[in-house]
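Here is the structure we will look at, set down as structure tokens.
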Amino acid sequence: STQSTGGHRPLYCSSTKSVGQVCEPGNNPLLTHLEPIFCQGGVDLAIGAHVHDYERLYPVYQRQVYFGSDQPYDNPPVPVYLVSGAAGCQEDIAPWHRDAPVTPWDARYVHGYGIGTMKVHNATHLTYSQYTAKEFTKNGGWGAPPIDSFTIVRNVHNAPHPVCKNLGK
């Protein structure tokens, strides 16, 4: 079955406007402490926020991308990280816009207000979809097309993930 976790600050992100440089791997103590726990515990999806953007990452561990197959979200060998902070912040202290990946683990990045939904289909399939607030409102809510959507498939649950089996030994 798929396993997910959530927290306020993301372990991985790429925004350069983040308060406290939370997106710089060298400045993120959560990455050092939680990444091995998530990998050894078999977490499939880790959702963070804090950064007021949406960002989907490929499966990544210790800053290395692990595709596992030509479908990176089918039985990913390490956790998948997601930043879901697009609900917003009107401060716009340091405007910064980018819609193209800048790190090897970036799959999709969107700057702008939005809402995300997570649907657990069954024990093996989980889908996350991201919508822009503008399209969501214009199209009457759930009829709006998502700007991004992906499904994690977990046919066999590996705790720990295959890449992390020898950690701590």
Separation of Leu11 CG from Leu30 CG (nearest 0.5 Å): 5.5 Å
Modelled atom types, side-chain donor and acceptor of Glu35 and Tyr12, under 3.5 Å: yes
Ring pair (Phe, Tyr, Trp, His ring centres under 6.0 Å) partners for Phe150, two or more places apart: Tyr73
Verify same cluster id: Leu82, Val153 (apolar side-chain graph, 4.5 Å): no
Ser4 side chain near Asp44 side chain, heavy-atom distance below 4.5 Å: no
Donor-acceptor pair, side chain of Asp148 and main chain of Ser129, under 3.5 angstrom: no
Student check: side-chain heavy atoms of Cys164 and Phe38 closer than 4.5 Å: no
Heavy-atom check, side chain of Val83 versus side chain of Tyr54, under 4.5 Å: no
Ile47 side chain reached by Met118 side chain, heavy atoms, under 4.5 Å: yes
Side chain to side chain contact (heavy atoms under 4.5 Å, CB included) assessment of Val60 paired with Tyr81: CA-CA 8 Å; Val60 59; Tyr81 293 91; 3.6 Å; yes
Under 3.5 Å: donor-acceptor pair, side chain of His125, backbone of Arg154: no
Within-4.5 Å side-chain heavy-atom neighbours: Val163 and Tyr66: yes
Stepwise side chain to side chain contact (heavy atoms under 4.5 Å, CB included) check, Ser149 with Thr127: CA-CA 7 Å; Ser149 187; Thr127 299; 3.6 Å; yes
Under 3.5 Å donor-acceptor, Arg56 side chain and Val80 backbone: no
Ring pair (Phe, Tyr, Trp, His ring centres under 6.0 Å) involving His8 - partner list, sequence neighbours excluded: His50
Donor + acceptor pair across side chains of Thr151, Tyr128 (<3.5 Å): no
Heavy-atom closest pair, residues Ser84 and Gln130: OG-OE1, 4.4 Å
Within-4.5 Å side-chain heavy-atom neighbours: His161 and Pro77: no
Pair Leu31-Arg63, side chain to side chain contact (heavy atoms under 4.5 Å, CB included): steps then yes or no: CA-CA 10 Å; Leu31 188 63; Arg63 300 182 197 116; 4.0 Å; yes
Worked check of side chain to side chain contact (heavy atoms under 4.5 Å, CB included) between His121 and Leu126: CA-CA 6 Å; His121 301 277; Leu126 176 153; 5.8 Å; no
